[in-house]
Each structure stands twice: as structure tokens, then as C-alpha cells.
Novice: 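Sharing a structure with you now.
This is a predicted model, so every value here is computed, not measured. Chain letters run A, B, ... following the sequence lines, proteins first, then strands; residues in each count from 1.
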Amino acid sequence: MSATASSSFHLLDERIQRFIWAEGWDSLRDAQEAAIPLIVKGDRDVIVAAATAAGKTEAAFLPALTHLVQADAPGLAVYISPLKALINDQFGRLDRLCEQLEVPVWPWHGDISASSKSRFLSQRRGVLLITPESLEAMLCNRGTAIGSTFERLSYLVVDELHAFIGTERGKQLQSLMHRIERVIGRRVPRIGLSATLGDMGLAAAFLRPGHGAAVALVESKSSGGELRILVKGYEEPRVVRGEQEDGESEPITPAQIAGHLFKGLRGSNNLVFPNSRREVERYTHLLTRMCDAQQVPNEFWPHHGSLSKEIRAETEAALKQKERPATAICTNTLELGIDIGAVKSVAQIGPPPTVASLRQRLGRSGRRKGEPAVLRGYCVEDALGGQASIADELRLGSVQMAAMISLLLEGWFEPPSVKGAHLSTLVQQVLSFIAQNGGATIGQLHGLLCAPATPFSVVAKDEFVELIRHLGQKELLVQDSSGVLLHGRVGEKLVNHYRFYAAFASDEEFRIVAGGKSLGTLPVSQVLTIGQRILFAGRTWKVEDIDEEQKTIHVSRAVGGAPPLFSGGAGRTHTRVRQRMRQLLEGDEQPAYLDEVARRFLAEGRANYRTRSLSDAYVLDQGREVLLLTWLGDAANEAIACLLRRRGFVAVPAGPGVEVLKGQATLEDVVDVLFDAGLDEAPPLDVLLADTRNLQREKWDWVLPDRLLRKAYGSQHLDLEEALGWIRSLPGNGGFVGVSS
DNA sequence: GACCTGCTGCGGGATG
């Protein structure tokens, strides 16, 4: 490390400089160079955004540790991570450096012993590595000790900031940091570490609500290397009725795709993303069977959230070791965080959930200098003919894949959605603060959580009062004679269980056990019968017994069988993606990365788009239903559906548009009502959703009063402004109406 | 027609 090359190096403590020499690092990365002077003084909030493996952790900790060891009294830095695995990784990396500095490092999460935790509590100095849930538990259960525990706190470091923005857990994290600062009576510098973000302003506003403009921003300049892309199309033949008498017929394209993967991926490390756990099982099964059939060692390993820790660890170990090549078939469990080394290529089967997610997945490939990142895309479309749907005719899956790749190449990806009010998490934070403080007045709670520049500042005073009253009716809260709020009968029970600490809900699941050995878990919503065959961990099993008390399914090995269904929610597609899809269908651009079949899909989509005159027509008459083709994102389509429902129609968002049941009405009636909706003022969310049921999505939604539940849902899921903007921009506004059938 | 994350305090009994 030369003195002239780096000015930031000299800002670091001498012992840290010696450590860097000893490690043999030739230079500081640009993100570290820029972040050190901003962080070392410990007087401001900073976001460091850089691609994976750019040394973000060091960018935060080299200056933060310098500050800690040079302070008059021993200080404390708190590092907050979304994953336990990441805490364990970071502990390994930090502990060696910190040992030389005589700074203790304390991992703290659910798997850490109580004795280690109490040793930290007696010392209260060094670096604490913790999850939001463990921090919640600490505030909840050790309320009176919080002031002294964090007395010497100098930094709050948030890792994987992008994974928190716009989520229930992110809202919880904001509230936890805020509550700690309130107890110790001063602001603590917040350091956010993130993958590159589209909108740094949103991230800054998230890190320091109300004062985002004052957050210092460091963005790594290191540009992405070369990217090689191949997208292959596969056509699934139509199933002729009568051929499937002995049960479900298996589709044939997965075996073809697996064959291509087998040839292309063997001999190197890769990740395959088929978008669902069920498909992970399907492809792992196909690929391991191919290894068996060719009598070669297996190179394909499954990884998803329903698999046991042991099976996942086996896959991670296969990827990490260097002796033999390994490919993981996975869900987004391998998208974030844990270090699995560089992979040669990434395969994406079907369009990815979002461009942002595709980008994150590709970040795992081509990380060594001079090596390109490689993306293999696979598109499956049903053969046309007979009763093909509009989605089939327009080849929407393939068009979406091409649209998302073209946006990726332009450097665009979805900004995080930060409009959600997350009132569910407000309920949790009210209950938690009462536990911490041994009771609270309504004014105290409102001032803490809902005042300007707090995490729930969108909640008005009257709404907060309504919420607290409702929590009283539900026996979550009671008021004592002096007006202080305490936990009610139900609240007491819920707070005094460890499930309370997580802000997000989770499905109840069955354990799957074979011969006494746990294989993993399966969501409880799934219907199962004894004797049925399921695919799990890449193998076929027969269900022997279902123990509802113990929530356990006992299985034995079996041959053949249909894969089990996993429960799931709905994806959210952004308007920009839908508009690029339309642009692709209207234009004649030929993306070079499409193979012959994928090119044919695009050509067929374009031909059908023209035949139906969809450049002009936005109303498609489909007999009993009308399809309004908006080419907007899901949030706007859902808002349009709500506007029509308010006026008596049955309407649901449907891919690139909104499907409306005609009922007794005519197509012209539907269009009239649509224009009518565009003339009105934007209705408040609770009015818009007045007739809609089943809005509960988050953990505490079940205790929200109806009006606030609608507000919470609407703030997160509807884009009313965009919906009204679309209606108002329709051609002629009552004049020309495009109809196609 | 999706996916992921996380979790305490205490008491009882065994062991050094």
C-alpha cells in the first residue's frame, strides 16, 4: 500500500493499517476509499452501495473500528443483518481483525447461547452482530437496561439495506433504531450497506426518515463486465383429450430443458432459477436422474426454503468446495447474502419475478476478472390452435423475458416500493414499546412512532386513536385508572411468546420425516392423502402417515409420482416492464440473444398483436368477459379493477390488463363506466376498497379496524394515480373505442 | 402462477 495512492488509508488506526499490510491487500477498493473519510468521524449517516464482493463490510468497519479504538472510552457498534448465516460469515471475517485491536465481537441471534449473550450484556462494548428480531426481543424483555446497554453506541450498521426497504421487516428496523436513539437521547450515525440501488434518494429516506437529504452517498463506480446471453424457446404440444385417462400427463418441455442444462452446465458451477420450489424439485429430479442414467457422479443439488438446514448446507458445501463441479437448482434463497463463490453461469427458466431480482441473480456470475457473466434463459409456450388464450397468442411469457432482459441491459430495474404504511408493524411496535416501558400513554406512543420524521409519520392522530381504541376492543390493550395503556388479556399472551419478535407472518408447515430423519417442511395449506406420492428434495416419496397434532408427515421412498403443490402468492409486475413488452410487440427489433424458436415466438406474438389491431384497440370482447388491455403494472390494474367494482362490476387484474365480467351489461356499458370513473375525483382508499374482502396480508392485519386495513392494503398494493391517468388519457374520451374480438 | 427471512425466559434435572 503506497502512501501516495491512498489518502483514506492514513485516516485508519495504525493497528488497522498494519493488519491491511499483513493481509497483503494492494489497495483499498474505490467504495472503501470514498467511505472511510465519511464514516471515520462518526458524525453522519452514510450509504455505501456497491456490487457484491466490493468490500462493503470493510468500507464500514475499517473506519468505524478506527473511531472505536481511538475514543476515550470503549465504544459499541451494532451491525444488523437480515440473515443469521450472514452474521456467522461476518463474525469469521471481523473477529481476526478485532482480536488484534482488542475489540470483542458478539454474534447475537436465535442460535447463540444465553451465556454468550449475558457476557455481552456485562461488557456492552465492541461489535454486536444481531438480527432485527433479536434486537426486538432485547428491547421487549430488557427495557430497563436498554439505556445502559447502548450508552456507548457509536454506529448502527445495516447490511443488505436493499433487502429491508419497502418491507414489514424494514419498517420494524426503522422503528427499532429510532427507539434505541430515543432511549439514549441522541442520534446515532446510521451506515447502510447495499447492492447498487436505482434510486439512492429512496434508500436515504428509508435509512433516516424525514432527513434523507443529509445522508452521504457512496456509489461504487466499478462497472459490470461483459454479459453473454442466450434465450431458448420451447414449445409444449397441446394435450389431446382422452390421452390423459390414467391421471395427469407430464409436460415434455422440462425434460428437453433439463437435457440442454445437463449438456451445458456439467463440469462447472452454476445456478438454475426455475421460479418456484415445485419446479426446483422437478428439475433437480430430472437432472440427477440424467447423471444416474449416464453413470456419472451427480452434480445437481436442490436449494429452497422448505428444505431442512442439513440438506441446504449440503448444497452450499457442494458449491463452495473446489474439487468437483456443482450446480444448484434454487429459489431466491441463493439470491442474497451467503458466500457461495463465483459461478460460471446463471440459468433462468421462465421470466424472472422482477428485473431487480434477475440482476441480483446475475451478480453471482462472472465475478472473476476477465470472465463474462453468462445468462441462459428458457421460455416455454403452449402450441397455438384450438382455445389458445390471449396470453398464449401474444407469447407473453417470452415477450416478458425479452422485455426484462432489454431493461436489464439498459441498466433499469424496479425501484423499491416504499409507499406501504405497514400498520401491522405499527401494532407490533405499540405492543413492544409497552413491554419495554412497562406501559405508555397514547400521547407518548403517538409522539414516539407517528410524529414527523418517525417511521409511521403517515398515520394521522385520529387514525392512531381509532387504532388504539380498536386494540382495546380486541383485548390487546387495556387502560388503567390513570389512563396508562397496558397489555390486555390477549395482548399479554401474544407478546409473551417468542413468535412475537418477527414482524412478518409465516405459514404453518408440516415437517416431512423419512425413517426418523427430517427432510424439511411443507406449507400446511396443502391437501394431502395417505398413499399419495410427492416429490421432495429431488426424490419421490410415498405419504405413509399424517400426524396433525405433531404437524408431521411420515414418508418412505417411492418410484415415480406427481410433484406436490406449494402454496404461494402473486407476483407484481412493474408498468415499465409491461410498456417494454408492448413496445417489443409493436416494433420489429430482433434481440440477438434469441434462438430460432424464441424468435418465432416473438414473430407469432407480433402477428397476433397486428391481427387484433392492438395498437389502437384496448378493449377486447371475449364473449362473457371484456379484457381492458392497459399494459400497466399490477398496482395500476388492481386500482382500475377496484374503480369498476365500486360501480357494480366484477373486475380483476389479469396480466397486462383488467378482466371485467359483462353480466347484464354490454361492452359499451363497461366503457361508459370506465370513462365515468375517470371523471371523478380520486376516492379515498377506504372508500375505494369498501366492498372488497380478504385484504389481510401482514402479520397483525387481523386486529386493524376496517378503515385502516383498507388504507394499509391500498397504500401497498394500489396505484390509483396511474390508473386514473390511464383512463383520462384514453382516445376520444367517449369518442372512438377500439374493439377487437 | 412466487419466494424469503426470524424467535425468549425460565424451570427442572444432570453434571463437575
Novice: Will you find, in the side chains of A:Ser417 and A:Arg572, an N or O donor that is under 3.5 Å from an N or O acceptor?
Specialist: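 No.
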
Novice: Atom pairs, N/O to N/O, protein against nucleotides 6-8 of chain B, distance under 3.5 Å?
Specialist:
residue : atom : partner  : partner atom : Å
B:dG6   : OP1  : A:Lys84  : N            : 2.5
B:dG6   : O3'  : A:Thr131 : OG1          : 3.3
B:dG6   : N1   : A:Ser506 : OG           : 3.4
B:dC7   : OP1  : A:Gly110 : N            : 3.0
B:dC7   : OP1  : A:Thr131 : OG1          : 2.7
B:dC7   : OP1  : A:Ser134 : OG           : 2.8
B:dC7   : OP2  : A:Gly110 : N            : 3.2
B:dC7   : O2   : A:Tyr498 : O            : 2.4
B:dC7   : O2   : A:Arg499 : N            : 3.3
B:dT8   : O4'  : A:Tyr501 : OH           : 3.4
B:dT8   : O3'  : A:Asn141 : ND2          : 3.0

Novice: Rounded to the nearest angstrom, tell me the gap between atom NE2 in A:His304 and atom P in B:dT5.
Specialist: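 Result: 11 Å.
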
Novice: Are any non-hydrogen side-chain atoms of A:Tyr283 and A:Ile257 less than 4.5 angstrom apart?
Specialist: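 Answer yes - side chains close enough.
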
Novice: Between P on B:dA2 and CD1 on A:Ile349, what's the gap in Å once rounded to a whole number?
Specialist: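 For the pair A:Ile349 CD1 and B:dA2 P, the rounded distance is 16 Å.
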
Novice: Does a side chain donor of either A:Glu160 or A:Ser194 reach within less than 3.5 Å of an acceptor in the other side chain?
Specialist: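 The answer is no; no qualifying pair exists.
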
Novice: Just one of A:Gln172, A:Arg179, A:Gln436 clears the side chain to side chain donor-acceptor pair (under 3.5 Å) bar with A:Gln429, so which one?
Specialist: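 Looking at A:Gln172, A:Arg179, A:Gln436, the match for A:Gln429 under the side chain to side chain donor-acceptor pair (under 3.5 Å) is A:Arg179.
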
Novice: Whole angstroms only, please: what is the CZ-P distance between A:Arg278 and B:dG1?
Specialist: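 Rounded to the whole Å, the gap is 8 Å.
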
Novice: Tell me the interatomic distance from A:Ile329, atom CD1, to B:dA2, atom P, rounded to whole angstroms.
Specialist: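 Atom-to-atom, A:Ile329 to B:dA2, this comes out as 20 Å.
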
Novice: Can you check the A:Ile87 CD1 to B:dT5 P distance for me, whole Å?
Specialist: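 From A:Ile87 CD1 to B:dT5 P: 14 Å.
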
Novice: Distance check, rounded to the nearest 0.5 Å: A:Leu486 atom CG versus A:Leu431 atom CG?
Specialist: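 Output value for this atom pair is 11.5 Å.
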
Novice: Take atom NE2 of A:His303 and atom C1' of B:dC4, then tell me their distance rounded to the nearest Å.
Specialist: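 It works out to 11 Å between those atoms.
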
Novice: Tell me the interatomic distance from A:Gln400, atom CD, to B:dA2, atom P, rounded to whole angstroms.
Specialist: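 It is 15 Å, rounded to the nearest whole Å.
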
Novice: If the threshold is 4.0 Å, N to carboxylate O, is there a salt bridge linking A:Arg578 and A:Asp634?
Specialist: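 Here A:Arg578 pairs with A:Asp634 in a salt bridge, since their nearest N and O are under 4.0 Å apart.
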
Novice: Taking NE2 from A:His422 and P from B:dT5, how many angstroms apart are they, rounded to a whole number?
Specialist: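 Checked: the NE2 to P distance equals 19 Å.
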
Novice: Over all strands shown, is A:Arg312 touching base, sugar-phosphate only, or nothing at heavy-atom distances under 4.0 angstrom?
Specialist: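 Here A:Arg312 touches the backbone only, sparing every base.
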
